[in-house]
Amino acid sequence: MSAHIIDGKALAQTVRAELADKAAALKATQGIAPCLAVILVGEDPASAVYVKNKVMACEQAGFRSLKATYPANVEPAVVLGKIAELNADPSVHGILVQLPLPQQFDSDAVLEAIDPAKDVDGFHAENVGALMQGKPRFIPCTPHGVMKMLESAKVPLKGAEAVIVGRSNIVGKPMAMLLLAQSCTVTVCHSRTRDLAFHTRRADILVAAVGQAKMITGDLIKRGATVIDVGINRTADGKLCGDVDFESAQEIAGAITPVPGGVGPMTIAMLLANTLEAAQRSAR
Ligand code: GUN
């Protein structure tokens, strides 16, 4: 039997329509248009596409957006100066620096320079700490989107075995915190994990966030499991694919997210949600 497909694209459209309504209400009642500022450094084509999609999503939801782009060899001080300017601008509610940054940057220092109240990525140490304490202020967009997808698919979380493959600050670690907060038993696997299959085959919920095309094959999945594919990779012939081998996985999984059309669209929807939240808080 084939798995239920969790349609992130459709869910994201619903969420974005709701956010557009709320943004219109904020504008009508308080005169505030939510505004996201995005900073892009360098010429990485994937990052450029992500940023373009984020800016477009803002426009469609009636948000304002600002985009600042810099060449790869820009002095970090210039970008830090821009962040200071955006921090001080009361009409800007969210600031996002697209990662990865070029080598000369200390990424942590850049993320720490963002006002935590405008850190809609949820990457500032203060916001990471708040999430860890179970009092999140901004939940990082990708894991936030995954939680919404699990909720919409009514996946039981309490006591479930959740296995995350990948330990990044952007996905793996915050994902672990969110699933833990919902009383999952959480295992985080990574490149040094001794027996990956042992862990993945016990997972009721398996989240793949490693950045390796099609590495999670059907034989690594427990029958009936929910499989969430965070990967965005390209095959040799240029097609988009996830970290999960969809063909073999869908035969075994109970529910699965596709790539494209799964987690990706939800990430952008949650970025808008965080930006609206920041704007609403600025009005209080
Ligand atoms: N690069 C890949 N994912 C992300 C993300 O969620 N936020 C930012 N700022 N950069 C990224």
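Order of appearance sets the numbers: ligands from 1, and atoms from 1 within every ligand.
- Taking a cutoff of 4.0 Å between a charged side-chain nitrogen and a carboxylate oxygen, E277 and R281 qualify as a salt bridge.
- The salt bridge (Lys or Arg N to Asp or Glu O under 4.0 Å) pairs that include a residue from residues 213-222 are D204-K222, where partners are two or more places apart or lie in different chains.
- Summarising the local packing, CZ of R192 is surrounded by 12 or fewer heavy atoms from other residues, nucleotides or ligands at distances under 6.0 Å.
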Quick one: table the atom pairs, ligand 1 N or O against protein N or O, below 3.5 Å, distance rounded to 0.1 Å.
| unit_1 | atom_1 | unit_2 | atom_2 | d |
| --- | --- | --- | --- | --- |
| ligand 1 | 1 (N) | Q98 | NE2 | 3.3 |
| ligand 1 | 1 (N) | L99 | O | 2.9 |
| ligand 1 | 7 (N) | D121 | OD1 | 3.1 |
| ligand 1 | 7 (N) | D121 | OD2 | 3.3 |
| ligand 1 | 9 (N) | V97 | O | 2.8 |
| ligand 1 | 9 (N) | D121 | OD2 | 2.6 |
| ligand 1 | 10 (N) | L99 | N | 3.0 |

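- Between the side chains of Q280 and K22, no donor N or O sits under 3.5 Å from an acceptor N or O.
- Side-chain contacts under 4.5 Å among hydrophobic residues (ILVMFWY), followed directly or transitively, place V259 with no other residue at all.
- Identified under the salt bridge (Lys or Arg N to Asp or Glu O under 4.0 Å) test for residues 61-87, with sequence neighbours left out: K82-E85.
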